[in-house]
Structure formats: structure tokens, C-alpha cells
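For reference, the structure discussed in these notes is given below.
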Amino acid sequence: MNTAKPPKLFAAQEPIFPRRVTGFYRTFKWWIMAFTLGIYYLTPWIRWDRGPALPDQAVLIDLANRRFYFFWIEIWPHEFYFVAGLLIMAGLGLFLFTSALGRVWCGYACPQTVWTDLFILVERWIEGDRNARVRLWKSKWDLKKWRLRLTKWAVWLLIAVATGGAWVFYFTDAPTLALDLIAGTAHPIAYSTIAVLTATTFLFGGFMREQVCIYMCPWPRIQGAMMDNETLTVGYREWRGEPRGKKRVEGAGDCIDCMACVNVCPMGIDIREGQQMECITCALCIDACDDVMDKIGKPRGLIDYLALSDEAAEKSGVPPKPVWKHILRPRTILYTSLWSLIGFALVFALFIRADIDLTVEAVRNPTYITMSDGSVRNTYNLRLRNKHGEPRDFLVSISSGEVLRIELEGQPNNHVIVPADSSFIQRVYVTARPQDPAANADTTALRFWVEDVLNGERAHRDNTFNGKGQ
Amino acid sequence: MSEHDKDIDTETGVETTGHEWDGIKELNNPLPRWWLWTFYLCILWGVWYVIAYPAWPMIKGATEGYLGYSTRANVEADINAFNDKNADLRAALTEVDLTKLEEDEALSRFAVAGGAAVFRTNCSQCHGSGAAGAKGYPNLLDDDWLWGGTIEEIAYTINHGIRNEIDPDARWTEMPAFGEILEKDQISQVVQHVISLSSTEFDTAMAAEGAVIFDEQCSACHAVDGAGDRAIGAPNLTDAIWLYGGDEQTLTETITYSRFGVMPPWGPRLSQSDVNAVAAYVHQLGGGE
Ligand code: SF4
Ligand code: SF4
């Protein structure tokens, strides 16, 4: 019989205390953090004048009125393909970067990484660097520990509230909402959204951190499919570093086993064990090791951006491929072309977007009716969209190879005034007199025209007229 | 499990589950503990949910739940809130002088939109969802009206209905069944005359005979020229529109047995604002006068 305990089913989270590091990548990441957080927090406050009838917020997702404003661009619900296109571009962009540079998104730009970075920065300011934090973690819950912990949590909470708060500003006029929020008169949805996002930011940035990347996020699993031997990721030149050792003996590798790379890692792993699924390629271990290499007078790059295909070459003393050769390969070229194709298509679509928008829906219940004088009438619903900030006067007309007459419900002279920034449904009757060929034909092609009376801009849509031959 | 059953992966030193696919083994790493707690929290949430919300199906309905939540009640509250919001417009629509409705654009739009909904619920069964009617049920889209196509006439028809015993003010006319009055060949002659009023394909000799009979028997209601009389709901026989059909057989049937179309009075069933709304809706369908 054996008394060995069965393996544990559940493991406690290992605490990680990333040490401060300086260097090229760290500086670069500070800039990215400032840039991305700046965009996130400040964008809703940018103003953009669109005239009196429209909101003057540069970026606004107006769900109630179903409009999306982005500076000079205004997207209506029927143009949602722009948003779909942008999302596809974002996806392809991620594919491209992942196949070229591995998990760069994770390491540099992912909100989880950026906010965790910010939270760790706060942690270090308040509780000190790695060693102090380890000591504090081990120490009893005395007054000092309570004071430091509570201060840290308070600052985290502040950042979290600001994060949740910034989110809601994208959906309504920011200055108005800010005053309402303070006065306690904002919509409950605004408060609950802020509450939920505050809670997730606080929890994910302060406590869950690497757990989110390892266990919760699906993206790392998907990324594996886009990486191959040519992908540049953070790696350890094991052939140069091993055998590692603190003693500088003959034949020893360059790694002095100082653990700097492990201590700075926000994921708590040892890159010297090779590529592993936890690594978000934040490149902080590169900075840490380069620093060490400088100090002991060895060339930098013991930990570096490497491709698996370089390993064999470097081991046998052949110089590795240049970076551009790693990046330029069929896969990345394909992603880039798809990405730019959609991009061009979207820009093109944006520029050819008509100012007048017309759709025609033929009423086919019933397909046609007979009038008392024997003439045949079809009914159509025209949807006229006025994307201007002022009301516009449209003249509606038809053209066809056959004789047909047009009449507008409630508009005696075929003019329709469409109010500013809105769409208007106008019922239109088209009639063929009994003696007209269209009355007895099966179907007759016709074209609807709308013309802006002021500037002569025109738009048209084709449809058919049903006769008695049907 | 005995000690030597354990399969330890050499690379990681972690025990495997013993499952193997094409040489790939599954490591038996422990789950994070927060995951376990999340799982427990979900169970707790489930228990709370069952207590707070309708959950267990019983023979009749389900357990009510402590919060008394009900989607049906929510819908009702939504409808009430909507009606309250439009209370002013509804009041105005009840009082409105229908001939002046079009001048008030907002009220008119409200009436037409609401009328469309009332129409689909109450009127479409006979008149069709597109208001195109069917054989025996008038088409409301065209410009032919039995009792008048002004908005007040339409509203009157909706309020009181046609040939019903419920409302003493219902519109009422009755065409006699001429099968009891005229001979079969006389009826055929009248049919030819009626066809001649709107068509060029008829039997001239029979129509001439029929004209005489029409003059005697039919012109009192349908007028000498067959143009009908809206005051008494007598259809115009000279136009291109036939409620039951303008062919020989149908006309013979109509004259022999007569027709008796019925419409219920909606005044007692609908609110006055709804009646006015439907009237406004029907009036703007394309044939209103
Ligand atoms: S191993 Fe290096 S690159 Fe990977 S997460 Fe850790 S510090 Fe970042
Ligand atoms: S930082 Fe560099 S020298 Fe230090 S342990 Fe890591 S790889 Fe070795």
C-alpha cells in the first residue's frame, strides 16, 4: 500500500514582486503607457464643432440616437460596415504583429499589461522595491503594514474609478455627465458601469495580474497559431550563457546566475528555461540582463529578441539572419496585404459616401392596386437620409422608359423637407393610366431620383413597377 | 493509485493524467485556487438566484421568487409608462376635430403611427395587413369609398360599423335579393347592362333590355347612370373597382341573392383616441378624400 498524498488539485497564487528595471525597453514602455493611457483618459474631452444641432464631442458613441461620431466622420447605423471593417483590420493587425514579433500586443499595448504596469509602479512608490515588498509581505500585520497597504489600495482604487469613469464619457457629452456624476443626478447605468469597471480594474490590475494572462485570456492560445520559427520573441542565448555559474571559471558561460532576469519578470518565470506560455514578451528581462552584461563587461544580448531558426545558425557560429529577413516572409506579407486592402477599401468607401442617402422599399402587400378609373398604382416607401446639420429640401422624381406618374403622400408638389441629421420615410405612389403600357405589362423598370434643391446634388435607386400582367 | 502507476513527465517533473494522444501527454497541473473560489461563488449565486427569481417549475406556473420579478408585469409597466408619456397626445387625439388633424403635424404623426398598430391588431383580419382587403372586404388603399372617404366619414364607419345589430347608428342599407323579384333572363339582361357601364364587351341587345329594368328596379339606389349613392352606401357601378367581382357569373350571383357585408362597431371596443387614430391611418393610405 502506498501512503503518498494525491497531488493537489488547486494551488495558491504565487506572489510575484517584480523588481525595478531601467533600459531601452522599459523607457519605450513608459512612453507607450503614457500615450495609450493619455488617449484613453483624454479623448472624450476633445471638442469638435458640428453646428448647433449636433453634439460637439469629437469622439462619441451616441447609442440613444444611434450615431457614432469620430472627428469629421459621422457613422449611421446602416454604415456599420465601417466599424466591422475597422474591427477586422484590428484583428489582422494583431495577426501581423504576432507573426512578426510574437506577443508584442501582450507585452506592450494590452490594457491588462498597461494597467498592471501602472499598478506595480504605484506599488513600488508606496511599498518600495522588490526586497522591501518581500519583507513587507512576510511581516506581521502591524500598523506600518496596514498603513502602507491601505495607502496603496486607496491609490489603486482612485485609478480604477478614473478608468471606469473615463469609459462612460465616450457615450454621452463628457462635461455634462461629469457634473451630473458629481451632483449624483446621472443615470444609474452610468454609476453601475463605473462601479463594474472600477471593480474589474482594481481586481485585475492589483491582484489578478498574471493570472488573467495565464488562465483567463484566450488570446495567448490563439497567438500560438500565428507564430513560427521565424517569429522574433524574447529568448535566452543558452549556447552562450551555459554553463551558468557565479564563479568565473574556465569554460563557464556568460550567465552569472544573478537572477536579475527572473526578479524583474512580471509573470514570475525564468526565461532561461526557454519559451514558455506565461511569457508576455514584455522584454524587461532583456533590459535587466543587458545591464548585468554591461557591468561584467560582456556583450549585450544574452537575453534578446530571437527567432527559433537562428538558434541552430548561431550555435554553429554562422551569423543570424538580419531582422528584416525574419519579418519579411509570405505570412506577414499576406497579413499586410489583407490589412491594407481592407484599409484602402474603407477609405475609398468613406470618400465616395454620398451626402444624400436614399433607399427604396417597394410595398408588395398588395403588389399593385386598381384605382376607380382603372389605372394601376404601386406604392413605395422612400427612406431619405439627411446627414447635414440643417434641414434640406429634396425634390423626388422618377424616370422610366414608359409613362408613369408620381405622387407623394401628403406632399402636393413632390418636395420633401427632411429635418437636420435624421432620416425620413416618405410614401410615394406611382401610377400608370389604363391606356399606358406599364398598366398591363408584367413589370416595368423605373428609377427614383432625389435632388437637393439648393445644391443640385442627386442620388438615385432602381426599382420595378408591377402591372396587371403580373 | 500505487506509486509506480504515477507517470511523471521528465521535462517538467509534473505528474501526467495518464492520457496520451500521438505521444502528447496531458500534465496534471493544479488549477489556481481563485478558480475554485470563483466556482463556489457561482454555486452561491445559483442558490441566491433560485430564491430571488422565478425558478422551479411547478404544476401550475413556477415558484415566484423572493423579489417578485415577472417579465409580464415588466411589459405591463412599460406599456403603462408609455401610455402615461403619451397621455397628452392621447387626450388631444380624443378631442380633436378630425378635419383639422393634418394641421397639427405632431399629433397627426402620432395618430398615424398608433392607428397603424390598432389597424394591424383589430382590422387586418378582414381588410388584410396591407389594407388591400379581399373579395367582399373593401380595399382601403384605392380611391373608391362606399360610404365616403373623408376622415370624418371613415371615423363614423369605424365607430358604428356597417349592418350590425349592435349599434343602432350603424350604417345600413340592404339590397333585395332580385331572384325573388325578377326572372332569370331579366337578371341576365341587367347583368349585361351593368357590365356595359364600365366595359366595352357586352351583349348590346340584352343590355338595352337590361337598361329598362335597371331604370325601374335599381336606379333608386344606384342612380340612373349607375354611379351609386354614398349617402346610402350604394356602390358606384361605373368604375373599375368591384368588391365581389365584375364578371358575369359573380354579378348574376350578386343580383340574384344580394350581398350583406357586415362590419362591427368599434366605438364600444376601442377608446375614442384609438378610433380617431385608425381613421387617420386609413385616411392617409392613399385614397383618403
Ligand atoms: S520572461 Fe522576460 S519577456 Fe517574458 S514576461 Fe518575463 S520579463 Fe517579460
Ligand atoms: S540577468 Fe542575465 S546574467 Fe543574470 S541570471 Fe538572467 S540571464 Fe543570467
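Just so we're on the same page: letters track the sequence lines, and every chain starts at 1.
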Original post:
Checking N139(B) against chain A: side chain, backbone, both or neither under 4.5 Å from a heavy atom?
Top reply: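 Just the side chain, heavy atoms under 4.5 Å.
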Original post:
For F202(A), which of F207(A), W115(A), F119(A), W153(A) qualifies under ring pair (Phe, Tyr, Trp, His ring centres under 6.0 Å)?
Top reply: F207(A)
Original post:
What about W45(B) and W48(B), are their ring centers closer than 6.0 Å?
Top reply: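 Yes: the rings meet the under 6.0 Å criterion.
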Original post:
With respect to chain A, which residue among S198(B), A240(B), A132(B), G133(B) yields the maximal number of heavy-atom pairs within a distance under 4.5 Å?
Top reply: A240(B)
Original post:
Between G128(B), G286(B), S129(B), which shows the greatest number of heavy-atom pairs under 4.5 Å with chain A?
Top reply: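 The candidate making the most pairs under 4.5 Å is G286(B).
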Subject >> Top of Q13(A), M216(A), E407(A) for chain B proximity - count of heavy-atom pairs under 4.5 angstrom >> reply: M216(A)
Original post:
When heavy-atom pairs shorter than 4.5 Å are enumerated against chain B, which of E273(A), R364(A), M208(A) gives the highest number?
Top reply: M208(A)
**OP:** Is it possible for you to check whether R377(A) lies under 6.0 Å from the centre of the six-membered ring of Y429(A), through NZ or CZ, and within 45° of that ring's axis?
**Re:** yes
Original post:
chain B heavy atoms under 4.5 Å from E14(A): which part of the residue, side chain, backbone, both or neither?
Top reply: neither
Original post:
Using non-hydrogen atoms only, which part of R427(A) is less than 4.5 Å away from chain B: side chain, backbone, both, or neither?
Top reply: side chain
Original post:
Quick one: do the R259(B) and T254(B) side chains pair a donor with an acceptor below 3.5 Å?
Top reply: yes
**OP:** Answer with yes or no whether the side chains of S423(A) and R383(A) bring together a donor and an acceptor at under 3.5 Å.
**Re:** yes
Original post:
Is any side-chain N of the basic residue among R209(A) and E123(A) closer than 4.0 Å to the acidic one's carboxylate O?
Top reply: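 Answer for the salt bridge query: yes.
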